[in-house]
Structure formats: structure tokens, C-alpha cells
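Taking it in order: structure first as C-alpha cells, then the write-up.
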Amino acid sequence: MALENPVYEDLMNGYDQNLDRSGIKGERLAKRLYELSKIGYTQIGGVRRPGLSAEEKEAKELVKQWMAEAGFSIIEDGAGNVIGRLAGKDNAAKAIASGSHLDSVPNGGNFDGPLGVLSALEVAEAWKETGYVPEKPYELIIFTDEEGSRFNSGLTGSRAMAGDITEEEIQQLRDYNGENLEQVLEHYGSSLAAFKKAKRDVSELELFVEVHIEQGKRLEQENQPVGIVSGIAGPAWLELEFTGEAGHAGNTPMIGRKDPLVAAAEFIHGIPDFPAQVSGTSVATIGKMEVFPNGINVIPEKVVLHADIRDIKEETRDKLLQQIKQYAEEVAGRRNVQLAIKQNTKIMPVPIEETLKRKLEESLNGLGIKPVHIPSGAGHDAMVLGRYIPVAMLFVRSKDGISHNPKEWSSLTDCVYGIHALKDFIENAMKD
């Protein structure tokens with residue numbers, strides 16, 4: 001039996017009702033976060049909504065209902081991206097957009113992604129309640145499969161929209177059931193042909209701004225509810241396959257074994273030493289490992305590791321990437337096993353324009369919040385669009401810095417502060 005879902009009650013507990021102004025309502029946000037938390041709900045309080053899954057689709061359909069009620073015209077492209085549009089006074093002008101994603105990591109939290117979507121929606125709800133008509137068109141975008149838990153290759157929807165997925169990548173994609181992208185899309189209700197048509201001219205947008213939980217502790221340390229992202233690190237994902245010789249654990253002598261798991265263990269053990277040799281902002285993580293045949297009394301035949309390597313500067317990220325590849329080859333040679341390396345994702349880091357950061361500072365100052373600038377080690381859909389148009393991001397304080405976990409939490413007060421900052425920033429950007 002599933003445990004009681006406490007999201008709504010916990011959000012409302014201690015909420016600062018003084019933030020209910022200018023058409024923004026904290027209770028509406030709390031109810032919507034709660035409704036989304038029930039889709040893909042897991043018994044330990046998290047959610048499981050893989051990209052292009054029935055659960056992700058159900059979440060999108062729910063938000064599309066709310067978007068329609070708020071006045072958006074809505075389309076969904078062949079990649080599953082949902083695009084809502086509000087008319088502005090000058091409909092010939094380029095649109096300003098905001099949004100995020102609704103998919104999750106396995107057993108993820110309730111804020112990573114949904115907060116950005118619902119914050120962008122709450123801005124439109126506030127305009128509707130106050131009768132405000134934006135100067136320019138406004139778009140709310142829900143991107144598909146940002147997390148990458150479906151294909152071990154993230155930002156699928158935003159990269160499809162930007163035209164950044166190559167034919168080679170499309171052919172290589174396989175999900176956790178072994179299905180290729182075409183099969184997954186057919187189950188979702190789309191097609192590979194429609195997916196390829198999802199590319200749009202993103203220069204139709206003047207600016208994209210995303211609200212996201214911090215996923216770190218800097219804002220807690222500074223005791224501030226909202227911060228400004230100074231730059232977005234670019235992730236590079238490697239799939240490393242160590243192949244040796246399977247054998248009986250009892251009858252195969254230790255001398256002469258070709259054990260890929262021993263090689264993988266040595267490789268993993270050495271990884272933490274590399275980032276600091278490159279820069280103070282680079283990181284490297286082995287977050288997933290598969291052992292074949294995975295029997296207790298069998299020397300493995302093959303081990304597959306997935307490495308996540310990132311930095312806010314492309315030069316240092318790529319230097320780290322090359323060092324880790326070289327190290328893997330050295331370990332494989334030393335342990336007498338075969339190695340195959342495949343790069344699943346490589347996204348360019350994205351700086352944030354100084355003018356946009358200053359405008360975000362003005363919005364935070366107007367709310368009595370001290371501006372704190374924080375580099376984002378995590379990848380976001382904003383970084384994909386940021387290769388083509390200006391982007392900006394706001395971080396909302398995360399309790400204990402926890403993310404990708406059922407314990408992920410941001411107070412409703414902090415979330416609504418983020419929405420006020422977003423609304424002010426967008427309205428000021430509309431005047432330029």
C-alpha cells in the first residue's frame with residue numbers, strides 16, 4: 001500500500017501568506033505540485049516519470065489543462081515538447097519564454113523540473129487575475145526527457161527542438177528495455193518522422209529564462225531564498241564497456257584471469273583524483289554500472305560504466321574528458337581486458353550574459369533578496385537553447401542541497417519568492 005502523500009500539507013505549513021500578491025497565489029502552486037507528485041508516485045515518497053513514458057505524458061496532459069485555463073494556445077511537437085503561447089500587445093515581436101521539464105530520474109523528487117514549469121505558468125495566472133497583457137508574446141515550454149533516464153542521454157526534447165541531435169545519435173539510442181527511439185516514440189503516440197520535424201527556429205525567441213531548484217547548499221549558507229545562475233556547466237556522458245572472459249569463480253585460478261569488474265573497480269577508484277588537476281569547478285562521477293552476467297559465482301564477462309563529466313568551461317571539461325578516456329585505456333591494458341568507449345552526450349557549457357544577470361539582480365533587490373551568483377554544475381534545457389539565444393536562470397533554495405531524491409525539498413515561501421522574481425524579470429524584459 002502506498003504511503004500517504006504529504007506534499008500539499010507540508011508545503012502550506014509555514015507559508016508566508018504576505019507573498020500572495022500581484023495575482024500570485026502560493027496555495028495554487030502547492031496544489032499543483034501535489035497533483036503532479038501523484039503521477040508516478042513511489043512508496044517512499046518520490047516519483048518515477050521517465051522521458052516519453054506514460055507517466056510523463058500524463059503529467060503533461062494535466063499541465064496542458066491548466067495552461068489552457070490560463071489562456072495559452074498549445075501545441076505538442078513530435079518530440080513530445082509542449083509549447084504554450086500567450087499573445088502580447090505586439091504579436092510581431094519575438095517571444096519571451098520560460099519553462100522546464102516534468103520527467104524525473106528513477107525515484108526522483110517533486111521539484112526538479114515541475115517547479116520551473118509551474119513557476120512559468122503561475123506568471124501567466126497572475127497576469128490573468130490582474131488583467132495584465134504582456135508587451136510581447138509569452139511562451140511556456142515543457143521539454144521532454146531532460147533527465148536522460150530513458151536513454152542514458154539527456155536533454156532529448158530541447159536538443160530535438162534546437163536540431164542538435166544527429167542521425168547517428170538517433171540510431172544509437174536504446175532505452176532500458178532495449179527499444180530504439182522509433183519504438184519508444186510509437187508507444188508514446190508520435191513517430192520518428194515527427195520527432196525529426198520538432199526542430200524549430202529558436203531565434204523566434206528573444207530570451208529563455210528557467211527557474212530551477214539549486215541542487216546545492218550555497219543559498220542555504222547565504223540564507224537567501226533565490227539566487228542567480230552565473231553559468232551552466234556542460235555535461236559529457238561516456239559509456240565505457242570493459243570486456244574480459246567469464247569463468248567459474250571457484251575453478252578459475254587467480255593468475256591469468258581477465259576480470260572486467262576488477263578493471264572497472266580500479267578505474268572508478270582513480271576517478272576522484274582527476275577533476276582537481278584540471279580546474280576548481282570540474283567534476284566527474286560514475287553513477288551507473290551494469291555487470292554481465294551478474295552471477296555471484298561467475299567471473300564477469302562484461303562491465304558497462306556510465307561516466308558524467310562536466311565543467312562550466314568547455315576547454316577544461318574537454319581536457320578532463322580526454323584524461324579520463326586515457327586513464328580507462330591504461331587500466332584496461334594493465335588488466336588485460338578490452339575497452340570500448342562511446343560518447344552519449346556532449347553539451348557546450350553556457351555563460352549567462354552580464355546584462356541579464358544585472359536585471360535579475362534588480363528583480364531580487366526589489367524583493368529584499370541579496371543577489372547570490374552560483375555556477376550551475378547541473379545541465380538544464382536552458383543550456384541547449386543558450387547556444388542560440390540569450391538565456392537566464394534563477395535558483396530556488398534546496399533544503400540540505402538534496403536533489404534527485406525523494407527528500408528533495410524547497411519551501412513554498414522560497415518557491416513563491418522565485419515566481420515573484422521571475423515575473424518581475426519577464427515584465428521588465430518585455431519592455432526592452
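Numbers here are sequence positions counted from 1. Hydrogens, waters and symmetry mates are skipped; everything else that's a heavy atom, side chains included, is used.
Between the side chains of T316 and S282, not a single donor N or O lies within less than 3.5 Å of an accepting N or O. For the residue pair E214 and S398, no side-chain donor N or O sits within less than 3.5 Å of a side-chain acceptor on the partner. At a cut-off of 3.5 Å, with distance as the only test, a side-chain donor of S363 or D424 sits close to an acceptor on the other residue. Looking at Q65 and E61, their side chains never bring a donor and an acceptor atom within 3.5 Å of each other. Side chains of Y8 and E27: a donor-acceptor N/O pair is present below 3.5 angstrom, by distance only. A donor atom on one side chain and an acceptor atom on the other are not found under 3.5 Å apart for K423 and S119. Under the 3.5 Å distance criterion, with hydrogens and angles disregarded, no donor-acceptor pair is assigned to the side chains of E125 and W66. Counting only N and O atoms by type, the side chains of Q215 and D112 include a donor and acceptor under 3.5 Å apart. With no hydrogens or angles considered, a side-chain donor-acceptor pair links S53 and E55 at under 3.5 Å.
Heavy atoms only, all atoms of each residue included: V7 and W409 are closest at O-CH2, 3.8 Å. Between A79 and T144, the shortest heavy-atom distance links the atoms O-OG1, 3.0 Å. Residue M161 comes nearest to I141 through the heavy atom pair CE-CG2, 4.0 Å, listed as atom of the first residue, atom of the second, then distance. Closest heavy-atom contact between S98 and V209: OG-O, 2.7 Å. Shortest non-hydrogen contact noted between A378 and I232 is O-CG2, 3.5 Å. Residues S230 and P375 come closest through the heavy atom pair OG-N, 3.2 Å.
For R387, the salt bridge (charged side-chain N to carboxylate O under 4.0 Å, His left out) test picks out D164, with sequence neighbours left out. D400 is linked by a salt bridge (charged side-chain N to carboxylate O under 4.0 Å, His left out) to nothing, counting only residues two or more places apart in sequence or in another chain.
Here the straight-line distance linking atom NZ of K94 with atom CD of E139 works out to 12.5 Å at 0.5 Å rounding. Rounded to the nearest 0.5 angstrom, L360 CG and L422 CG are separated by 9.0 Å. Taken to the nearest 0.5 Å, the CG atom of D10 stands 11.0 Å off from the CG atom of L412. In this structure, NZ in K128 is found 11.0 Å from CZ in F72, a value given to the nearest 0.5 Å. Put simply, CD on E329 and CZ on R334 are 12.5 Å apart, with the number rounded to the nearest 0.5 Å. Atoms OG and CG, from S279 and L320 in turn, are 7.5 Å apart once rounded to the nearest 0.5 Å.
The environment of K342 atom NZ is dense: over 12 non-hydrogen atoms of other residues, nucleotides or ligands sit within 6.0 angstrom. More than 12 heavy atoms of other residues, nucleotides or ligands lie within 6.0 Å of CD in Q277, so this atom counts as buried by the packing criterion. Heavy atoms of other residues, nucleotides or ligands lying less than 6.0 angstrom from NZ of K407 number 12 at most. In this structure, Q338 places its CD atom where only 12 or fewer heavy-atom neighbours from other residues, nucleotides or ligands lie under 6.0 Å away. For K64, the NZ atom sits in a packed shell: over 12 heavy atoms of surrounding residues, nucleotides or ligands are nearer than 6.0 Å. Summarising the local packing, NZ of K357 is surrounded by more than 12 heavy atoms from other residues, nucleotides or ligands at distances under 6.0 Å.
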**OP:** Apply the test side chain to side chain contact (heavy atoms under 4.5 Å, CB included) to residues V226 and L219: give CA-CA distance (whole Å), side-chain angles for both, the deciding distance (0.1 Å), then the verdict.
**Re:** CA-CA 7 Å; V226 183; L219 288 171; 5.7 Å; no
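Taking the ring centre of Y176 as origin, the terminal cationic atom of R48 falls inside the region bounded by 6.0 Å and 45° from the ring axis. For K57 and Y188, the positive end sits near the middle of the six-membered ring, less than 6.0 Å away and at most 45° from its axis.
Here salt bridge (Lys or Arg N to Asp or Glu O under 4.0 Å) pairs that include residues 95-110, with residues two or more places apart or in two chains, number zero. Within the structure, the ring-ring contact (aromatic ring centres under 6.0 Å, His included) test picks out the following pairs touching residues 299-335 (sequence neighbours left out): F267-Y327, F274-Y327. The list of ring-ring contact (aromatic ring centres under 6.0 Å, His included) pairs with a residue in residues 189-211, not counting sequence neighbours, reads F143-F208. For residues 307-322, the pairs satisfying salt bridge (Lys or Arg N to Asp or Glu O under 4.0 Å) are D308-R310, D318-K346, with sequence neighbours left out.
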